[in-house]
Amino acid sequence: MSASAAKVAAIAATGPRRRWRWALALPLGWLLLVVFLAITADWIGLPDPSAQELILRRKPPSAEFLLGTDNLGRDMLSRVIYGARTSLIVGICAPFLGFLVGGAIGMSAGYFRGKVDLLAVGFIDILLAFPSLVLALTFTAYLGQSLFNVTLALGILSIPAAARVSRANTLAWANRDFVLAARTVGASDWRILTREILPNLLPPMFAFWLVAISVIIVAEGALSFLGLGIPAPQPSWGGMIADGREALDVAPHTALIPAAVMFATVLSLNFVGDMVRNMVDPRRSAL
Amino acid sequence: MPWLVRQLVRLVVVLFCVTLLTYTIVNILPGDVAIVILGNLATPQDIAGLRADLGLDRPMLVRYFDWLGSALSGDLGRSYRSGEPVVQAILDRLPVSLQLMVMAQLIALGIAIPVALLSVRRPGGLFDRISASAAFGFLAMPNFMLGIVLIYLFSVTFDLLPATGFTPMSEGLWDNLESMILPSLTLGLIEWTVLMRVLRSDLLTTLKEDFILLARAKGLPQWRVLLQHALRPSSFTLITILGLNIGGLIGGAVIVEQIFALPGVGRLLLGGIFNRDLILVQGTVAFIAVGFVVINFLVDMLYAVLDPRVRHVRFRS
Amino acid sequence: MSGQAKSQAPLLSVRNAEVSFSTARGPLRAVDGVSFDLHEGRTLGIVGESGSGKSVLVRSLIGLVGAGSGAGVAGQVLFEGRDLRGLSPREFRGVLGTEIGIVFQDPMTSLNPVMKIGRQIGEGLRLNRGLDSKAAARRAVELLSEVGIPEPERRARQYPHEMSGGMRQRVAIAIAIACAPKLLIADEPTTALDVTVQRQILDLLQREQRQRGMAMILITHDLGVAAGRADDIMVMYAGRAVEAAATREIFRSPRMPYTEALLRSLPRLTDPTHSRLSAIPGRPPDLARRSGGCSFAPRCSYRTTQCDEQQPVLTWEASRGYACFHPRGVEGGVGA
């Protein structure tokens, strides 16, 4: 994703200072809460996120409905939590998928150089020639809307970024002494790639993955917001914001609550991702 | 090969691949166009007939070159739904999208440049820290979310600006601008953060240069040193990012046009997707991708114009 | 310098100049209590190894080190009797732009790469002398031809990268003298240049200085460069002035062992060909970890316990000063 590369760099540059480290507790706590609720959603006595109660529609937050109800009288708290589940599944799996493919492409390109490199870089360039959201739209439009297809489409979009990170790092490691040493004792390319180079790629890839999660969560939100992401009754933050928009004048909480939750999550992810990158790569050169 | 020629060749190759990929995505992915058009109840004969009419029974590569041939002569086919020529549909809506993106970039630059300049006056100072935090915050705002929040603030709460709808420029410049302010703000308020950080970091590097010391030694006041000596040599990365970010901006425009009901190219594309209007989608995506590639190419050229050293290397040797 | 019995007040008078930086390893005193006077029309050579604080000293005098860079600057700087450090930023810029010109070491980095030569020269004129852009452009061309650049009209419209290093340094000199300053500071003006053009640049500087009656501070790590050009020489070591005297005196009988060592490392015409130059053993001290004694002691062949324990101060003997317990060529000094 072309924009995300610049964005990631900007996130890195705007990162918190060292002395703010104590402030890490807040975003980390928020993320843990979101993850915990998303995992345990089925067992903590939440009402069905799809159960409609039209008499109780657009109720503001109260003791009965902690976050109020939406246009169709569905419990917002429950929808926000199940929405978190959607966001997290897509946000974690899509970059992972992209990193499997993109990582392999980048490693081969950086290790074998020559024609492989040319081909890989060309392929990345072509993917980057599309505005990422437009490509995602086109993919989901033709693949059909489902959680799996959205994940697949966004996974494809994370290939270029993953390929770039792994290629740059492979280039840097492939000429180190220990790799040359492995080669002189007759280790196969496969062995060198998996045993010598891959372990060194994991830290920067992990740091990048953390930031990719927030980028992908936003992208999933955008697709769902446009009605081309996760299909209807299944809650998704983007979809909730789109629904809430219709009642912005009478029941602003229906849009603003999922918006605030999404903002807090993305902000926390950026914060933590940046912190991890500082630990993994103080020079931030991998990007 | 001279630099310019090499770049042009590269441009043509990328454009070829991009259109081919567009064509492939639209044509290879599941969902037979004929079935999509005729619906699930169509008889096999009807489907076969339509496929032949549309030329879908021929190999894809052949069809691609056909399509490319007419595309090059300015014909992207006709919409299945409205029968309107796709090129015409795009051109009708292009000015709205362009206005949106230009205004968004102007807003982004209008915030980013002064903030970056003020930040580097005292790196680590109060202003620098506040602007860094603000940038970090805005960067975490998805555009569809910011759009809704802006509508809530400016239209619902204070009733200052229209929430949705578009007024063409022909019906009054002010009304037109009024309908474009919130959409452009939605994009610009996120975009500036990236530009500001890039410019700030390049400014800090430039300010360590000897020629800045020399400018100070000439007795130039700080603001003139910043504006006349530091800004231009620091803006090269900014311009590259400006080009790269147009991809994000186009994606953002699709969303913002949808939120604010602006009749732009993005909304045309969305409509095409919802209506399963394949020819329209294909033409629009290809148009957007080609436009994006060409803009990036032009940005590269601009880079050369701005930096006399690059111009020297590229155009004279 | 102080030794010169000039009747009028010095153009530039520096007392106890100090510059310190705070680093991760603690405070670092790059310039430590340096004083000197410079009279109109005279040339002072400031000589020292890299890191001796000579550049930092001079840059701090004209406010190019200090505010914003986290450096602590102290001491008194009088220019034509005015206390530069007490001026408002606006007044100070006025003095800097009109009365003081500076030429930096590397003309590759000291000229703005994206601004045309003519404009860079005319900029100061427009700002400080109130010339309009046409007059400034005309004057820029005159200055270019004055500093010996052929086809000045064409060159004025070029960018720095279109010129050779020597030409760029000529441009830098043109910028420095544009507003007819009373003081010209040349900070290692030839170090970054080819040996063949070094001499031309030094000659040009000297010619301009004489014609315009400017005072000049010539900063160099090479005593040989200062030899024929400076009236007086101040030798700096580890942020302190360790010897100051008329150039003739320095070359005839250096007092400070460090100066002596510097002189020995110069090639001489009288040396047999292929004779080895003597290098000074050891390396300059770490300024963040100063000892209590003489900074040069660890590298000095006349070192005694006194040198390790006490810091020698610059003391004056007739027209010259030195900071050493065992001055050379003096009665009572080692090897006298």
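We name chains A, B, ... by the order of the sequence lines, and we start the count at 1 in each one. Because the structure is a prediction, the values reported are computed rather than measured.
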Indicate yes or no: does C/Arg59 engage C/Asp187 in a salt bridge with an N to O separation below 4.0 Å.
yes

The interface call for B/Ile212 against chain C, heavy-atom contacts under 4.5 Å, is neither

For the candidates B/Gln222, B/Arg224, B/Gln228, B/His229, which exhibits the highest count of non-hydrogen atom pairs separated by less than 4.5 Å from chain C?
B/His229

I'd like to know if C/Glu80 and C/Lys182 make a salt bridge, using a cut-off of under 4.0 Å between side-chain N and carboxylate O.
yes

Counting distance only, does the side-chain N/O of B/Gln99 pair as donor-acceptor with the main-chain N or O of B/Val96 below 3.5 Å?
no

Salt bridge C/Glu162-C/Arg168, side-chain N to carboxylate O under 4.0 Å
no

In the structure I gave you, are the side-chain heavy atoms of C/Leu204 and C/Arg170 within less than 4.5 Å of one another anywhere?
yes

Could you check whether any side-chain N or O of C/Gln209 sits under 3.5 Å from a backbone N or O of C/Gly41, counting only pairs where one atom can act as donor and the other as acceptor?
yes

Answer with side chain, backbone, both or neither: which region of C/Gln105 has an atom nearer than 4.5 Å to a non-hydrogen atom of chain B?
neither

Would you check if B/Leu94 and B/Phe287 make a side-chain contact, meaning some heavy-atom pair closer than 4.5 Å?
yes

With a 4.5 Å heavy-atom cut-off (strictly below), which parts of residues 122-132 of chain C touch chain B? List them by number.
C/Glu123, C/Gly124, C/Leu127, C/Asn128

Using a cut-off of under 4.5 Å on heavy-atom pairs, state which of B/Ala217, B/Gly125, B/Ala215 scores highest against chain C.
B/Ala217

Chain B heavy atoms under 4.5 Å from C/Ile100: which part of the residue, side chain, backbone, both or neither?
backbone

Output the option from B/Arg122, B/Glu209, B/Lys218 having the highest count of non-hydrogen pairs under 4.5 Å with chain C.
B/Lys218

Counting heavy-atom pairs under 4.5 Å with chain B, the top scorer among C/Met108, C/Arg90, C/Gln120 is C/Gln120

So, for B/Asp202 and B/Ser234, which heavy atoms are closest and what is the spacing to 0.1 Å?
CB-O, 3.3 Å

Excluding sequence neighbours, so at least two apart, what forms side chain to side chain contact (heavy atoms under 4.5 Å, CB included) with C/Leu78?
C/Ser13, C/Gln76, C/Asp83

